Amino acid sequence: MTNHTRAIINGRYDGNSPSLLRLALVTSLFTILTAGVYRFWAKTRIRKYIWSSTAADGDRFEYTGTGLEKFLGFLVAITFLAVYLGLVQMALFFFGLNLFIQPQTEQQLLAQTAAIYISFLAVVPFIYFAQYRARRYKLARTRWRGIRFGADRAAWGYVMRAIGHNLITIISLGILLPRQTFYLEKYLTDRTWYGDKKFHQDGKWTDLYKAMAQLFIGILIMLCGVALAVISSGPFFTVIFLLVGYVWFFVGIVSFRVQSFIYLTSQKTLGGDIRFTGSPFTPTIIKTLIVGGILVGIVAAIGSAILIAILNSVFQTASITSQSGAIALIVIGYLALIILIGALSIVAITQPIIQHVVESVVVHNASALSGVRQREVDTSADAEGFAEALDVGGAF
Amino acid sequence: MKAFGGNFFDGNTAYRHSVIAELDLEAQILCISGDTLNATLSWPLEQLRIISGAPRDAEVILTLTTNDPDEMGRDTSRLVITDDNLNSQLLKYCPSIFQTDITTGTARKVITRVTVAITALILMLFFILPKMADTLATIIPIEREIAFGKVVVTQMERLLSTPSSKELSCENIKGREALNNLVLRLTREQNLQYDLTVNIFDHQMLNAFAAPGGQIVIMRGLLDAATSTEAVAAIIAHEIGHVESRDATRHSLRAAGSAGLLAMIFGDVAGGSVIVILADYIMQAGYTKEAEERADSFAISMLNNAAIGTGGMAELFETLNTLENPILTDLPDYFATHPSSQYRASLARENASEHTIDTKKSNMESLRYLQSICDD
């Protein structure tokens with residue numbers, strides 16, 4: 001290894017399935033045994049594993065967050081949210097009731113039911129707030145070569161833009177999705193730092209339409225199916241088209257995420273002159289999703305079948321002791337199954353995808369990295385606590 | 001002493017220094033020297049800490065502990081050594097290398113935050129939200145409450161219906177007449193706040209409920225379990241008790257407020273949803289048990305005022321007692337959403353012995369007609 005940074009450096013990932021599986025199972029077990037209190041430490045340990053399995057130019061990344069920090073941040077978040085959510089939800093529910101008129105038609109009934117769930121609206125701004133803060137926390141606790149990453153304190157700006165863009169996308173029936181994707185990514189990137197160097201997102205949002213190609217094809221095929229149904233050329237072709245279109249649509253979603261990642265990465269710069277390319281291969285990712293999904297699905301199916309069989313035996317037997325014994329077995333089995341599925345998902349789906357993406361990333365003009373200076377420690381009080389409370393934290 | 005090669009990051013820039021590290025046991029320091037370093041560093045062995053994560057290929061990352069502001073209490077510099085022999089040496093000569101240094105004031109911080117959080121939650125869940133629910137329930141305009149109640153009843157009907165029987169409301173003419181007369185008898189001169197809408201659903205469940213705004217629903221199953229008209233009267237009177245106390249409305253408001261809170265606390269724990277449901281159940285159980293007791297005593301006074309005996313009420317509870325699943329009744333008291341049927345039966349019997357009614361003179365509606373309400 002030379003001590004001068006090469007002009008081009010590659011990402012490497014050397015995490016393996018056995019180690020991560022063992023870690024995931026053990027931490028999940030502790031989490032359940034502590035009724036969830038341990039989950040902050042569990043997530044921290046898994047992040048430490050994934051971060052330190054990732055390296056650039058042979059130097060590993062480091063995750064410097066702690067479980068205690070996450071836990072304390074969570075307490076701050078739920079103290080605030082307890083008061084806010086409790087009061088606001090009830091008030092909204094109350095006003096929701098007041099919007100009622102005598103229900104005469106099916107539609108009015110649905111409208112009333114929807115009114116009851118207006119309480120959800122109180123939470124939406126905080127969901128985006130939590131997402132930004134979670135990202136900021138992860139960045140602030142990531143180091144490479146000892147230098148911290150970071151993000152500006154700009155959560156509320158993100159909240160407003162996220163709500164605005166989502167509304168526009170919904171109104172445009174999804175056609176303006178690339179605009180949302182681009183501008184939200186730009187907002188985040190332009191406020192991200194490595195040491196004293198800032199990232200910047202170049203590019204045009206219209207360039208992202210190429211990434212939506214497969215999505216459009218999938219929709220087109222489905223529309224053909226609908227058109228065939230109207231012309232009624234026989235159910236066989238209609239079903240084929242709808243089915244193919246449906247599957248293609250989901251492939252299109254993955255394709256959009258991958259292709260937009262490739263485009264956006266190629267348009268990012270750091271400190272003005274450092275550039276990036278990322279070239280994950282959509283078929284590889286889809287294959288991982290399918291294979292991993294099938295594996296998890298099989299385990300889930302077998303596990304559920306066993307639990308249901310035990311449940312049925314509960315109804316057959318009359319004696320109370322064997323009934324309560326069987327019920328206890330079911331509860332334990334259910335929890336064990338959930339642990340297993342969670343751990344398998346992270347090992348069979350999340351980690352392989354991380355590996356594939358990381359190893360596809362290349363940093364150009366990387367020699368400029370040597371001059372990056374340190375960034376002060378970021379002490380955000382909630383340490384991702386809001387994301388934990390509102391359950392919008394990521395898989396890892 | 002053996003020297004180990006490695007990389008050093010000084011924590012001020014991202015420059016990677018190629019260095020040699022030597023253990024000096026006499027001076028109890030680790031010497032770090034390199035061409036690109038300004039000066040040789042001396043790291044005291046007792047301040048050495050390992051950076052944990054996932055050791056790979058005998059790679060070891062070291063730094064010093066520090067009191068400077070840092071999220072981990074560690075110096076920002078990093079020494080990366082890739083040499084097998086170093087591991088055993090370090091363990092031998094640096095006993096504090098795995099130490100986690102807890103900054104002063106951490107314990108206090110933890111205790112403070114935990115206490116504040118728990119206090120806030122208890123305050124919200126057991127005092128503020130219930131009080132708000134009670135207050136809001138009294139100021140909801142009655143027309144709105146009735147509209148909401150009708151929605152709830154319709155939703156319940158959907159829940160209970162099967163493809164073959166969508167309309168569950170029983171409308172046999174003679175049965176309806178008998179039911180209306182019974183309700184009139186109970187509510188005459190009682191000055192109730194709500195106009196009542198009483199319906200029987202053609203479903204085998206042994207249950208009845210009162211939706212907001214005076215909407216009462218009794219299942220055919222419970223109706224059939226009654227052995228006298230007095231028992232049916234008791235069921236209706238009990239539900240009227242819920243209506244007058246606005247229990248359903250208050251319950252919905254409370255649930256709306258606390259459901260979200262509970263989901264938040266237990267988060268995405270494996271099996272978290274189970275814990276949430278359990279916690280919510282226990283919380284509401286205490287509240288609903290109180291409401292049930294109140295409804296029972298309301299029913300008893302209403303029956304007394306209408307000159308209807310409570311012997312039928314006692315019989316009904318005794319019947320329910322024999323039908324109940326022994327597992328559920330063996331559960332600890334705080335799990336139960338109703339007072340035990342035996343207890344409720346004994347209260348009704350007590351009242352019956354204090355208020356004797358001449359059943360011949362009471363001219364009750366025929367039970368047969370009432371129970372035929374679901375016949376076409």
Side-chain angles (χ1 to χ4, degrees), chain A residues 1 3 5 14 28 31-32 35-36 39 48-49 51-53 59 62-66 69 72 75-76 78-79 81-83 85-86 89-90 93-94 97-98 100-103 109 112-113 119 141 145-147 195 320 323-324 334-335 338-339 342 369-374 377 388-391, chain B residues 7 9-18 36 51-54 56 69-72 76-78 80 106 109-110 113-114 116-117 120-121 124 128-129 132-133 136 140-141 144-145 147-148 150-151 154-155 253 256-258 260-261 263-272 274-275 326-327:
Chain A
M1 251 192 297
N3 53 348
T5 314
D14 65 359
S28 302
T31 302
I32 291 189
R39 70 182 185 268
K48 279 183 131 88
Y49 181 85
W51 262 236
S52 54
S53 304
D59 301 315
E62 185 185 336
Y63 181 72
T64 61
T66 61
E69 197 177 36
L72 292 178
L75 292 178
V76 167
I78 56 169
T79 305
L81 287 173
V83 179
L85 277 187
Q89 272 195 357
M90 197 186 285
F93 184 76
F94 173 74
L97 285 178
N98 277 346
F100 282 3
I101 44 176
Q102 190 67 243
L109 206 67
Q112 284 181 349
T113 324
S119 50
R141 294 293 178 266
R145 294 185 169 175
I147 304 298
I320 298 175
Q323 268 192 348
S324 26
Y334 171 72
L335 293 174
I338 293 202
I339 295 179
L369 284 170
S370 302
V372 176
R373 304 203 65 81
Q374 181 61 280
V377 63
E388 285 292 334
L390 296 172
D391 205 9
Chain B
N7 288 324
F9 304 104
D10 60 12
N12 293 317
T13 70
Y15 190 82
R16 182 172 63 209
H17 303 269
S18 197
T36 46
I51 295 292
S52 65
R56 301 269 199 297
D70 180 88
E71 61 267 36
M72 288 195 319
T76 46
S77 57
R78 297 285 184 267
V80 182
T106 302
K109 200 161 141 194
V110 175
R113 297 233 187 142
V114 171
V116 169
L121 287 169
M124 286 306 293
I128 298 180
L129 286 182
M132 271 194 76
L136 286 178
I140 290 177
R144 303 309 179 212
E145 203 180 348
F148 177 52
K150 288 194 193 288
V151 170
T154 315
Q155 284 187 327
L253 287 167
S258 34
L261 275 176
M264 220 174 52
I265 299 171
F266 293 106
D268 59 353
V269 183
V274 174
I275 300 180
I327 289 186

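By convention in this document, chain letters (A, B, ...) are assigned in the order of the sequence lines, proteins followed by strands, and residues within each chain are numbered from 1. Just so it is clear, the structure is predicted and the values come from calculations on it, not from any experiment.
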* To do: Answer whether the closest heavy-atom distance between the side chains of Val377(A) and Asp70(B) falls below 4.5 Å.
  => no
* **Choice from Glu145(B), Met72(B), Lys109(B) maximising heavy atom contacts with chain A below 4.5 Å** => Met72(B)
* Structure fact -> Note: vs chain A, highest number of non-hydrogen pairs under 4.5 angstrom among Ala120(B), Ser77(B), Gly11(B) is Gly11(B)
* Asked: Would a 4.5 Å heavy-atom cut-off, applied to side chains only, mark Phe9(B) and Asp59(A) as touching?
  -> yes
* Asked: Which atom pair, heavy atoms only, marks the closest approach of Glu71(B) to Thr64(A)?
  -> OE2-OG1, 2.7 Å
* Heavy-atom distances under 4.5 Å only: say whether Leu75(A) touches chain B with side chain, backbone, both or neither. => both
* Asked: Under a 4.5 Å cut-off applied to non-hydrogen side-chain atoms, are Leu121(B) and Ile78(A) in contact?
  -> yes
* Structure fact -> One should read off an interatomic distance between Asn12(B) CG and Arg373(A) CZ, to the nearest 0.5 angstrom, of 6.0 Å
* Could you check if a side-chain atom of Arg145(A) sits within less than 4.5 angstrom of a side-chain atom of Arg16(B), using non-hydrogen atoms only? => yes
* To do: Give the C-alpha distance, both sets of side-chain angles, the deciding distance and a yes or no for side-chain contact (heavy atoms from CB on, under 4.5 Å) between Val110(B) and Leu72(A).
  => CA-CA 7 Å; Val110(B) 175; Leu72(A) 292 178; 4.0 Å; yes
